[in-house]
Visitor: 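Here it is, the structure, as structure tokens.
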There are 2 protein chains.
Amino acid sequence: MTKPDPEAGPAGPETRKGRRGRPPKSEGPSGTSELILDVAEDLFSKHGLHGVSIRDVANEAGVDTALLHYYFGTKLGLFDAVFKRRAEILNAERLASLDAYALKAGDALTPEGVISAFLQPLVEWGEKGGPGWKHYFALISQANANPVWGGETMARYFDDVIRRLIELLRLALPGARDEDLYWAYHNLSGALTLTLGETGRLDRLSNGLCRSGDLRLAYANMARFAAAGFRALCARA
Amino acid sequence: MTKPDPEAGPAGPETRKGRRGRPPKSEGPSGTSELILDVAEDLFSKHGLHGVSIRDVANEAGVDTALLHYYFGTKLGLFDAVFKRRAEILNAERLASLDAYALKAGDALTPEGVISAFLQPLVEWGEKGGPGWKHYFALISQANANPVWGGETMARYFDDVIRRLIELLRLALPGARDEDLYWAYHNLSGALTLTLGETGRLDRLSNGLCRSGDLRLAYANMARFAAAGFRALCARA
DNA sequence: ACTTTAAATCATCGACCGCTGAATTAAACG
DNA sequence: CGTTTAATTCAGCGGTCGATGATTTAAAGT
């Protein structure tokens with residue numbers, strides 16, 4: 001993370017550059033703090049917390065480093081803010097999607113249906129949410145692989161939805177032992193994490209036969225794969 | 001990564017501390033460069049490349065930072081050396097395990113068998129290889145989630161074994177389309193990555209019902225889960 | 001109109017970063 | 001035994017890091 005980038009374009013309208021003090025009211029689509037979050041999200045998702053300096057973020061966003069401290073306090077505060085921003089939206093939609101499916105399916109819950117409902121908001125945000133959501137997913141993917149702060153962070157933000165998911169899977173797989181349900185979820189979680197990363201690894205390995213950017217296909221295959229896995233793990237004496 | 005640790009114990013025999021020059025021949029089990037690699041492996045696996053300074057490694061290993069440059073040149077050179085050290089051992093064993101299974105099974109290859117053979121060396125090293133191997137696995141897990149250098153690194157070190165795995169799975173699932181085989185592998189790879197991390201996430205989520213440290217169980221469940229997934233994905237028109 | 005507050009830059013501080021050249025000590029080699 | 005080479009610490013260089021206090025500008029409140 002060291003890009004000089006000394007003169008990135010004509011620097012916007014009337015080259016207001018280095019001008020100190022509060023800027024005149026602009027009708028821009030979203031505030032400066034959102035812009036900073038977008039940039040930080042992008043960089044953190046690619047290089048991790050320690051791979052990005054606040055100078056990197058400030059330069060890329062075209063603001064002074066002091067402004068990041070003004071809004072977010074510390075570097076860790078910025079990171080947390082990035083993590084939190086979309087978590088709430090995502091969790092609300094995933095819970096709603098699961099509840100809607102449970103209501104619709106009544107007694108006829110299937111593992112495929114539950115898992116698809118769980119994944120659906122990810123597909124939609126990934127496809128229609130713009131690049132910010134893809135960066136966010138990649139960030140989650142990295143957090144899930146981190147043994148130090150990852151576990152705690154993931155638990156804090158996402159355990160509620162996951163418990164609801166497992167609850168519905170328990171209904172869809174009557175007689176399943178809880179232990180097996182959790183182990184099966186562990187495998188699904190790993191597959192999901194890798195998909196969220198969109199690292200392009202599969203594209204290269206398959207010589208272009210599979211495109212990890214095809215989210216709809218990726219998630220459909222994951223639901224089918226995992227549903228079969230759940231059945232196999234949970235249907236034993 | 002900032003630990004003071006000003007006086008970690010009595011500093012060994014006769015407190016040879018700050019003593020300059022080549023040390024007298026010691027009958028220690030392995031050389032200083034191996035010790036440095038062990039420490040670096042541990043720290044990198046927990047905090048990532050950018051989360052660890054060469055001073056951190058040097059302090060933890062009880063040597064001067066200049067010694068790391070003497071052995072490994074740059075920080076990246078140290079990281080690569082850590083990555084490479086065990087990759088060769090692991091790959092040789094995984095290929096041998098797959099070949100042995102192919103020979104034994106003849107025409108009666110099963111997905112469970114192939115996947116178990118693929119996973120077996122991981123179980124054994126994880127159980128009997130000491131903490132170094134666990135740190136190494138966690139490092140791989142993080143590399144696999146990294147979108148920048150992870151994909152290239154993983155491909156360089158591990159693609160050979162993976163191609164052999166898919167080849168055998170193709171034989172075990174006659175009629176499967178290559179595209180489906182790759183997508184199924186993608187899901188297995190994700191599950192494996194998460195297991196390798198041993199982040200303790202499942203332990204907490206299941207309130208202690210599942211212990212991610214139980215490698216034998218984790219890998220047995222993964223093989224069963226993934227084999228069913230492969231069948232489900234590959235057995236369609 | 002005056003005051004207060006919000007939003008921004010500037011200049012800088014002390015700490016830490018990766019890395020290097022010189023010195024030192026002991027082993028290996030002849 | 002003398003020379004070369006391997007293994008180590010020391011001292012420090014130039015650069016970057018996260019963070020802060022002072023200052024400036026414009027909006028908001030009264």
Side-chain angles (χ1 to χ4, degrees), chain A residues 1-5 11-28 30-37 39-40 43-44 47-81, chain B residues 1-5 11-28 30-37 39-40 43-44 47-81:
Chain A
M1 281 313 301
T2 35
K3 240 186 297 174
D5 196 358
E14 273 110 40
T15 58
R16 185 193 179 278
K17 187 200 227 164
R19 181 75 177 287
R20 235 204 272 218
R22 180 171 185 158
K25 202 166 59 172
S26 110
E27 71 300 333
S30 65
T32 309
S33 74
E34 290 290 312
L35 168 66
I36 293 170
L37 286 176
V39 170
L43 295 181
F44 282 142
H47 309 284
L49 171 62
H50 301 295
V52 178
S53 70
I54 60 166
R55 281 172 172 82
D56 290 332
V57 179
N59 288 343
E60 195 75 18
V63 301
D64 193 274
T65 63
L67 196 57
L68 307 206
H69 288 105
Y70 171 71
Y71 279 120
F72 305 105
T74 68
K75 185 184 178 182
L76 207 64
L78 172 61
F79 188 83
D80 282 342
Chain B
M1 279 315 300
T2 35
K3 240 187 298 177
D5 195 358
E14 273 111 40
T15 57
R16 185 192 179 277
K17 189 201 227 163
R19 181 74 178 289
R20 232 203 275 221
R22 180 172 185 157
K25 202 166 58 171
S26 111
E27 70 304 330
S30 64
T32 309
S33 74
E34 290 290 313
L35 168 65
I36 293 170
L37 285 176
V39 170
L43 295 181
F44 282 142
H47 309 284
L49 170 62
H50 300 295
V52 178
S53 69
I54 61 167
R55 281 171 171 82
D56 290 332
V57 179
N59 288 343
E60 195 75 18
V63 300
D64 193 273
T65 62
L67 196 56
L68 308 206
H69 288 105
Y70 172 72
Y71 279 120
F72 305 105
T74 69
K75 184 184 179 182
L76 207 64
L78 172 60
F79 188 83
D80 281 342

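Residue numbering restarts at 1 for every chain, and letters A, B, ... go by the order of the sequence lines.
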Visitor: Are side-chain heavy atoms of Leu37(A) and Tyr71(A) found at a separation under 4.5 Å?
Guide: no
Visitor: Write down the distance between CG (Asn59(B)) and C1' (dC17(C)), rounded to a whole number of angstrom.
Guide: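 It is 13 Å, rounded to the nearest whole Å.
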Visitor: Nearest-Å distance, CZ (Arg55(A)) to P (dT20(D))?
Guide: 13 Å
Visitor: Given atom CG of Leu78(B) and atom P of dC19(C), what is their separation to the nearest angstrom?
Guide: 10 Å
Visitor: Sub-3.5 Å donor-acceptor pair from the side chain of Lys75(A) to the main-chain atoms of Leu68(A), do we have one?
Guide: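 No; zero donor-acceptor contacts below 3.5 Å.
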Visitor: When the distance from CG of Leu35(A) to P of dA7(C) is rounded to whole Å, what number comes out?
Guide: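 It works out to 15 Å between those atoms.
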Visitor: Kindly say if Ser53(B) contacts the phosphate of dC17(C), meaning a side-chain N or O under 4.0 Å from OP1 or OP2.
Guide: yes
Visitor: For dA8(C), take OP1 and OP2 only and decide whether either is under 4.0 Å from a side-chain N or O of Thr32(A).
Guide: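 Indeed, a polar side-chain atom of Thr32(A) lies that close.
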Visitor: How would you list, by chain and number, every residue that makes a side chain to side chain contact (heavy atoms under 4.5 Å, CB included) with Thr65(B), sequence neighbours excluded?
Guide: Ile54(B), Arg55(B), Ala58(B)
Visitor: Expressed as a whole number of angstroms, how long is the span from Leu43(A):CG to dC17(D):P?
Guide: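 Result: 12 Å.
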Visitor: Under 3.5 Å between N/O atoms: give me all the protein pairs with nucleotides 27-29 of chain C, atom names plus distance.
Guide:
residue : atom : partner  : partner atom : Å
dA27(C) : OP1  : Lys25(B) : N            : 3.3

Visitor: Find the distance His50(A):NE2 to dC16(C):P and express it as a whole number of Å.
Guide: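 Checked: the NE2 to P distance equals 15 Å.
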Visitor: Write down the distance between CG (Leu76(A)) and C1' (dA19(D)), rounded to a whole number of angstrom.
Guide: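 About 14 Å, once rounded to whole Å.
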Visitor: Give the rounded distance in Å between these two atoms: CD1 of Ile54(A) and C1' of dA8(C).
Guide: 15 Å
Visitor: Quick check against the 3.5 Å criterion: does Asp80(A) have a side-chain atom that pairs as donor or acceptor with the backbone of Gly77(A)?
Guide: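 Checking the backbone N and O of Gly77(A) against the side chain of Asp80(A), no donor-acceptor pair under 3.5 Å is found.
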Visitor: Kindly compute the distance separating CG (Asp56(A)) from OG (Ser53(A)), expressed to the nearest 0.5 Å.
Guide: 3.0 Å
Visitor: Does any part of the side chain of Val52(B), heavy atoms only, come nearer than 4.5 Å to the side chain of Phe79(B), both counted from C-beta?
Guide: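 No, every pair of side-chain atoms sits at 4.5 Å or beyond.
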Visitor: Do you know the tightest heavy-atom contact between Ala61(A) and Leu35(A)?
Guide: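 Heavy atoms of Ala61(A) and Leu35(A) come nearest at O-CD2, 3.7 Å.
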Visitor: If you pin Lys75(B) and Tyr71(A) to their nearest nucleotides in DNA chain C, which one's is more 5'?
Guide: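 This one resolves to Tyr71(A).
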Visitor: So which atom in Val39(A) and which in Val57(A) form the shortest heavy-atom distance, rounded to 0.1 Å?
Guide: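 Looking at all heavy atoms of both residues, the closest pair is CG1-O, 3.7 Å.
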Visitor: Should Leu76(A) and Leu49(A) count as side-chain neighbours, where that means a heavy-atom distance under 4.5 Å?
Guide: yes
Visitor: Can you say whether a donor on the side chain of Arg20(B) sits under 3.5 Å from an acceptor on the base of dT9(D), or the other way round?
Guide: yes
Visitor: Find which nucleotide of DNA chain D each of Gly62(B) and Thr74(A) is nearest to by heavy atoms, and output the residue with the more 5' nucleotide.
Guide: Gly62(B)
Visitor: So if I take residues 63-70 of chain B and measure heavy-atom distances to DNA chain D, which residues fall below 4.0 Å?
Guide: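 Under 4.0 Å from DNA chain D: Val63(B), Asp64(B), Ala66(B), Leu67(B), Tyr70(B).
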Visitor: Ignoring the backbone of Arg19(B), work out which of dA26(C), dG18(C), dG18(D) is nearest its side chain.
Guide: dA26(C)
